[in-house]
Amino acid sequence: PIVLNGPVVVSNDVVIKQGGVLTHDELKKLYLETTGDLTIDAGGVVTAKGCGYAANTGPGRPNTDNKAASHGGITSSGRQYGTTYGSITRPYTHGSGGRSVGGGGVIKLTVPGKLTVNGRIDADASNFSGGGYAAGSGGSIWITAGSIEGSANIRARGGLAGSPSAGGGRIAVTLTNAGADFTDFTGRIIAWGAAAANSTAIDDLSKPVGGCGTVYLRHGGEGETEGTLVIDNGTSATTSVGALISTDVTETEVGNVHIKGNARLTVGADAKLTVHGNWTNEGMFDADPATTATAAGKVEFVDADKTSVISGSTTFADFVVKTPGKRLSFASGDNDLVEIAPGGKFVVAGEEGRLVKLQSSEPGVQWKLAVQTGASADVTYADVSDSDASAGGGVTAYDSLGKDANNVEWERKTDIAAFTVPEYSDANLNFMTGSGLSTTGSHWGDWQTVPEPTSGLLLLLGVAGLALRRKQK
């Protein structure tokens, strides 16, 4: 094998032919930059397998005997035995060692031309052939390329060993050519957890048991916060552990989030995942609730230039939108409930003239919101339509729009508009009343009749409620 233990720049194309191996030594990093293309032929390998932290070392090492390690994903033993760490968008950390063997190493490839992957790229942890004991976590792969094609796998998996199983690592792939995408790449990009104990080889892609790590993919022209975070654990039989965003995880601001079936994403206490684009949950999500000592795990939607489409039933702890002018479009299917867990918060805060828009992805069909007992809602300067909040305790919105907009169990306490009513003699003039502007049931306003005034009125609908001022003749 050719060993690269630091940055190497090749002023040409690079081809790794069948039988060729590129690697690095333990706790070093393989960083290869070309000025042209990089081609890995079938049978060629770029590998950092087992080149991370040694057994029982590293930030994700198990804190007791007979346990596996964590990195991007949690060991199947559970969070109490290790933590996650490293960067989502710029992965450059080694995998940790389990009780028996070491974790995966680090690969960074920068290819301004075309990357062809017909031989594998892997930062897997080492396998343990002795049987019965736990392995290390997957390492990191960070690729920047003009374009990509090929059919082999790019992976950073936990090592093969007996139970318990290790967590997966981290991968980020950025394409830089205008319009470049992953259509011509037919291999897998995976940071799955370690395979089941009865698997015959780490190449067994069935039933990972350790928690999956993270994969971050960017098409040509997408900035660092415009890519897609993919949470995927294949056909895993594990549902209790997955990728954990802890306070030790960095670069947690992403474009889109896609949680695939059988995979789990968790946002830990005091941690935040910031999302610019869409949220697609086909698997499982949870977040730590607030305690007297820690804040809840938070998901915050930002970027007023993008509409975030929210799909899949998801139970959030803190669901936050504080970007004025932000628009969220909620899927309205039977499996598209947005739920706020007890102790969690549903926070929406626009500003006057720049409301946060909460709408259905299918106009006229209601999207469902459940703010559960023990959770809270703080909604100001929002424009709400086609929303059914009856599955929870309902929602009160301040300085917001949404009357006659097909909403159920929303209550409006104030209005944001001020307007002048000319002189009139209609005794049936209606206006909203109360200490603020209130509603019951599915309506945004209770309408009441007032006596005929002798002069015109200026109706000021503000934070203090409804004020009436007689115009001076």
Side-chain angles (χ1 to χ4, degrees), residues 4-7 23-32 46-63 68-75 79 81-98 101-110 121-126 135-144 154-159 166-174 189-194 210-218 224 227 229-231 241-254 265-268 271 273:
L4 300 182
N5 286 329
T23 188
H24 71 80
D25 290 328
E26 183 178 306
L27 280 182
K28 303 296 184 180
K29 296 179 178 181
L30 190 164
Y31 181 7
L32 173 63
V46 177
T47 180
K49 183 173 182 175
C51 296
Y53 288 99
N56 269 335
T57 64
R61 66 187 182 278
N63 55 21
S70 305
H71 182 189
I74 285 290
T75 167
R79 290 171 56 182
Y81 296 108
T83 190
T84 54
Y85 57 97
S87 169
I88 290 177
T89 64
R90 303 179 181 188
Y92 209 48
T93 44
H94 298 89
S96 293
V101 291
V106 175
I107 297 171
K108 184 178 181 182
L109 303 176
T110 301
I121 301 173
D122 82 81
D124 297 335
S126 294
S137 53
S140 294
I141 299 174
W142 183 6
I143 296 173
T144 303
I154 300 170
R155 68 193 197 204
R157 295 196 64 182
R170 299 194 185 278
I171 301 175
V173 183
T174 298
I189 303 175
I190 53 176
W192 295 354
C212 60
T214 59
V215 174
Y216 194 64
L217 305 178
R218 292 163 56 188
E224 185 166 348
L229 171 61
V230 180
I231 306 299
V241 295
L244 167 67
I245 297 177
S246 70
T247 54
D248 294 318
V249 177
T250 62
E251 282 77 51
T252 61
E253 186 169 350
V254 302
L265 173 63
T266 300
V267 179
L273 174 62

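Worth saying up front: this structure is predicted, and the values here are computed from it rather than measured.
Counting heavy atoms from C-beta outward, I231 and T214 have side chains that approach closer than 4.5 Å. In this structure, the side chains of L265 and L273 come closer than 4.5 Å at one or more pairs of heavy atoms. Taking 4.5 Å as the limit, every side-chain heavy atom of T75 sits out of range of all side-chain heavy atoms of V241. For the pair K29 and H94, the minimum side-chain heavy-atom distance is below 4.5 Å. Counting heavy atoms from C-beta on, the side chains of V215 and I154 never come closer than 4.5 Å. Taking 4.5 Å as the limit, some side-chain heavy atom of L30 sits within range of a side-chain heavy atom of L109. Side-chain contact between I121 and I143 is present, with heavy atoms from C-beta onward closer than 4.5 Å. Under the 4.5 Å side-chain criterion, counting only non-hydrogen atoms from C-beta, P59 is in contact with Y53.
Remark: I171 CD1 to L217 CG distance equals 9.0 Å, nearest 0.5 Å. Note that the OG1 atom of T89 and the CG atom of L229 stand 10.0 Å from one another [nearest 0.5 Å]. Residue T93 holds its OG1 atom at 11.0 Å from CG of D248, rounded to the nearest 0.5 Å. Distance check, rounded to the nearest 0.5 Å: CD of E224 to CD of E253 gives 8.5 Å. Within the model, atoms CZ of R155 and CH2 of W192 stand 10.5 Å from one another, a figure rounded to the nearest 0.5 Å.
With hydrogens and angles ignored, the 3.5 Å screen pairs a side-chain donor or acceptor of S246 with a backbone N or O of T84. When atom types are taken as modelled, the side chain of Y216 and the backbone of G227 share a donor-acceptor pair closer than 3.5 angstrom. R157 places no side-chain N or O within 3.5 Å of a backbone atom of A191 that could act as its donor or acceptor partner. Judged by distance alone, the side chain of S137 and the main-chain N or O of S96 form a donor-acceptor pair under 3.5 Å. Remark: side-chain polar atoms of S140 are not paired, donor with acceptor, to backbone N or O of V106 under 3.5 angstrom.
Ring geometry, Y85 versus H71: the interplanar angle falls under 30°, so the pair is classed parallel (tilted spans 30 to 60°).
Side-chain contact annotation: E251 with S87, donor-acceptor N/O pair under 3.5 Å present.
T23 approaches C51 most closely through the heavy-atom pair OG1-SG, 3.9 Å. Contact detail for V249 and L244: the closest heavy-atom pair is CG2-O, 3.8 Å. Closest non-hydrogen pair, A194 versus G159, comes out as CB-O, 3.1 Å. Counting all heavy atoms, side chain and backbone alike, G136 lies closest to A69 at CA-CB, 4.0 Å. Heavy-atom minimum distance, A48 versus H24: CB-NE2, 3.4 Å. Smallest separation of non-hydrogen atoms from A172 and I88: CB-O, 4.1 Å.
The side chain to side chain donor-acceptor pair (under 3.5 Å) search around D25 returns N5, not counting sequence neighbours.
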